[in-house]
**Q** 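Quick one: the structure is below, questions incoming.
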Amino acid sequence: LCIASGMIIVSSIVLYMLRMTSPYRILTIALGSGAAICLASSFLVGSNPPEIFWYGMKIASRMFFAVMIAISWTFTDQYHDLQDAKRVYSIYSAAYFFGTILAGTAINLLLDSIGFSGLLIGSALSICAALMEARGIARKSKAVHDDSAEGVFSGNRDSFSSVVRLILRSRFTIILLLLSLFMQLLLTVTEFSYMDSFDRNFSSGGEKEIAAFLGKCRALISMCNIIIGFFIYSRFVRRAGLNNAILVTPLFFLAVYSGWVFSDMIAFAVLGLIAVDGILFTVED
């Protein structure tokens, strides 16, 4: 609830800032804020913080993730025309998953030796590296023509009410938003369910064992996402057709929950994690 409420506020701020300044400027502010949060958290972790601190970390990290996805794509859009963006999407997705592999492996291998503080400092350093890379792109690369400048939003870029009216008149957009709403509900329930299952199955090992297991699983899932994105997905869509490919996500979730209702085996919790971190990214998006 706090994440959703915060995201409404943050999204409104981002939309307003896009009217006032460039996506690069917003990206640097977001990256700087993320690095500051990681550094501050790394110091607080070592001082036995109260339980509410971990809830705050969850809220801040999820909001930062959502903002970075939106802002990084807005920034990237400046350097690709529409057709180029379609062709290189799988490459960007692979880079995202490769980062998840590195993060998951680091958690699994280094958590015992450097602790949460060391991992958070590493996160801050990686965000600073991204900040330097974004600065290099903005200085050296030339922005391309805005594909949307002559489209449906032409002349309305400074009017939020005009955008709202366009959305309300589009049946396709409303259905897409409702689908996104339903998928977010499903994601939240699934995440709660598999974390609850992990908590019961790893009760003797504590938080570190759960974190290490999640890191290992997410690294393996991301590796599979890269393989599917590069070698399987496009071929599957060509042979099965888009109408059939759309059914993969609901059928996978239906199968997982059908078994989960009758059994609390850790295998179903892992399949739930695969549904959230794998199927939603490689198929649904």
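The basis for the numbers below is simple: all heavy atoms, side chains too, and nothing from hydrogens, waters or symmetry mates.
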**Q** For residues Phe53 and Ser41, determine if any side-chain heavy atom of one lies less than 4.5 Å from a side-chain heavy atom of the other.
**A** yes
**Q** Cluster question for you: counting only ILVMFWY and a side-chain heavy-atom cut-off of under 4.5 Å, with indirect links fine, are Met63 and Leu39 together?
**A**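 No, no single cluster joins them.
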**Q** Rounded to the nearest 0.5 Å, what separates atom CG in Leu214 from atom CG in Asn108?
**A**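 Between atom CG of Leu214 and atom CG of Asn108 there are 10.5 Å.
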**Q** Sub-3.5 Å donor-acceptor pair from the side chain of Ser113 to the main-chain atoms of Leu110, do we have one?
**A**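 Judged by distance alone, yes, a pair lies under 3.5 Å.
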**Q** Show the numbers, then the answer: is there a side chain to side chain contact (heavy atoms under 4.5 Å, CB included) between Val237 and Asn244?
**A** CA-CA 8 Å; Val237 171; Asn244 293 323; over 6 Å; no
**Q** Starting from Phe252, can I reach Leu247 by hopping between I/L/V/M/F/W/Y residues whose side chains sit under 4.5 Å apart?
**A**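 As far as the 4.5 Å side-chain criterion goes, Phe252 and Leu247 are not connected within one cluster.
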**Q** Group every Ile, Leu, Val, Met, Phe, Trp and Tyr by side-chain heavy-atom contacts under 4.5 Å, then state whether Ile274 and Ile210 land in the same group.
**A**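 Hydrophobic grouping puts Ile274 with Ile210.
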**Q** Got a donor-acceptor contact below 3.5 angstrom from the Ser170 side chain to the Leu166 backbone?
**A**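 Not at all, since once roles are kept as given, no pair shorter than 3.5 Å links the two residues.
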**Q** Can you tell if the side chain of Phe202 reaches within under 4.5 Å of the side chain of Ile266, non-hydrogen atoms only?
**A**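 SC-SC contact between Phe202 and Ile266 confirmed.
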**Q** Hey, are the side chains of Arg135 and Tyr24 touching, using non-hydrogen atoms and a 4.5 Å cut-off?
**A** yes
**Q** With a 4.5 Å heavy-atom cut-off, do Val67 and Met7 have their side chains touching?
**A** yes
**Q** Would Phe64 and Ile127 count as a side chain to side chain contact (heavy atoms under 4.5 Å, CB included) here? Give the steps.
**A** CA-CA 11 Å; Phe64 176 68; Ile127 293 173; 3.9 Å; yes
**Q** Any sub-3.5 Å donor-acceptor pair from Asp199's side-chain atoms to Met195's backbone N or O?
**A**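 Answer holds: no.
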**Q** For atom CG of Leu178, is the number of surrounding heavy atoms from other residues, nucleotides or ligands below 6.0 Å larger than 12?
**A** yes
**Q** Decide yes or no for Ile26 and Ser22: does some side-chain heavy atom of the first lie under 4.5 Å from some side-chain heavy atom of the second?
**A** no
**Q** Please check if the side chain of Asn201 supplies one atom and the backbone of Ser197 the other of a donor-acceptor pair under 3.5 Å.
**A** yes
**Q** Using modelled atom types only, decide if a donor and an acceptor are shared between the side chain of Ser141 and the backbone of Ala138 within a distance under 3.5 Å.
**A** no
**Q** Are Leu177 and Leu181 side-chain neighbours, meaning at least one heavy-atom pair lies under 4.5 Å?
**A**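 They are not in contact (no side-chain heavy atoms under 4.5 Å apart), so the answer is no.
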**Q** Indicate, with yes or no, if Leu44 and Ile114 share a hydrophobic cluster defined by side-chain heavy-atom contacts under 4.5 Å among Ile, Leu, Val, Met, Phe, Trp and Tyr.
**A** yes
**Q** Taking all atoms of both residues into account, what is the closest heavy-atom pair of Ile174 and Leu168, and its distance?
**A** CD1-O, 3.6 Å
**Q** At their closest point, which heavy atom of Ala212 faces which heavy atom of Leu111, and how far apart are they?
**A** N-CD2, 4.5 Å
**Q** As an exercise, state the distance from CD1 of Ile13 to CD1 of Ile8, rounded to the nearest 0.5 Å.
**A** 12.0 Å
**Q** For the pair Val248 and Phe236, evaluate side chain to side chain contact (heavy atoms under 4.5 Å, CB included) and give the outcome as yes or no after the intermediate values.
**A** CA-CA 11 Å; Val248 171; Phe236 172 75; 3.8 Å; yes
**Q** Which residue pairs pass the salt bridge (Lys or Arg N to Asp or Glu O under 4.0 Å) test with at least one member in residues 57-76, sequence neighbours excluded?
**A** Lys58-Glu191, Arg62-Glu191
**Q** Check whether more than 12 heavy atoms from other residues, nucleotides or ligands sit under 6.0 Å from atom CZ of Phe182, and answer yes or no.
**A**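 No, CZ of Phe182 has 12 or fewer neighbouring heavy atoms, counting only those of other groups under 6.0 Å.
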**Q** Can you name the nearest heavy-atom pair linking Trp260 to Gly272, along with the distance?
**A** CZ3-CA, 4.2 Å
**Q** Test your reading of the model: is there a side-chain donor-acceptor pair from Ser42 to the backbone of Ser117, 3.5 Å cut-off?
**A** no
**Q** Go through the side-chain N and O atoms of Arg25 and Thr28 and say whether any donor and acceptor fall under 3.5 Å apart.
**A**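 Absent: no donor and acceptor within the cut-off.
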**Q** So, the side chain of Ser263 versus the backbone of Gly259: is there a donor-acceptor pair under 3.5 Å, distance only?
**A** no
**Q** Can Tyr257 and Thr190 be counted as having a side-chain donor-acceptor contact under 3.5 angstrom?
**A**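 There is such a pair between these side chains.
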**Q** Rounded to the nearest 0.5 Å, what separation is found between the CG atom of Leu251 and the CD1 atom of Ile246?
**A**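 Between Leu251 CG and Ile246 CD1, I get 12.0 Å after rounding to 0.5 Å.
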**Q** Taking the side chain as every heavy atom from C-beta outward, state whether Phe43 and Leu120 have any atom pair closer than 4.5 Å.
**A** no
**Q** Do side-chain atoms of Arg19 reach the backbone of Leu15 as a donor and acceptor pair under 3.5 angstrom?
**A**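 No; judged by distance alone, with no hydrogens or angles, the pair does not exist.
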**Q** Going from CG on Asp277 to SG on Cys224, what distance comes out if it is rounded to the nearest 0.5 angstrom?
**A** 12.0 Å
**Q** Going from CD1 on Ile59 to OG on Ser5, what distance comes out if it is rounded to the nearest 0.5 angstrom?
**A**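 Between Ile59 CD1 and Ser5 OG, I get 9.5 Å after rounding to 0.5 Å.
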**Q** Going only through I, L, V, M, F, W and Y residues with side-chain contacts under 4.5 Å, is there a path from Leu179 to Phe253?
**A**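 Same hydrophobic cluster.
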**Q** Just do the side chain to side chain contact (heavy atoms under 4.5 Å, CB included) check on Val276 and Tyr194 with the steps written out, would you?
**A** CA-CA 10 Å; Val276 171; Tyr194 70 65; 4.1 Å; yes
**Q** Using the ring of each side chain (for Trp, its six-membered ring), is Phe213 parallel, tilted or perpendicular to Phe198, with breaks at 30° and 60°?
**A** perpendicular
**Q** Just by modelled atom types, is the Ala219 backbone N or O under 3.5 Å from a matching donor or acceptor in the Ser222 side chain?
**A** no
**Q** Any donor and acceptor pair, going by atom type alone, linking the side chain of Thr21 with main-chain N or O of Met17 inside 3.5 Å?
**A** no
**Q** Any side-chain heavy atom of Arg218 within less than 4.5 Å of one from Leu273?
**A**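 The answer is yes; the side chains approach within 4.5 Å.
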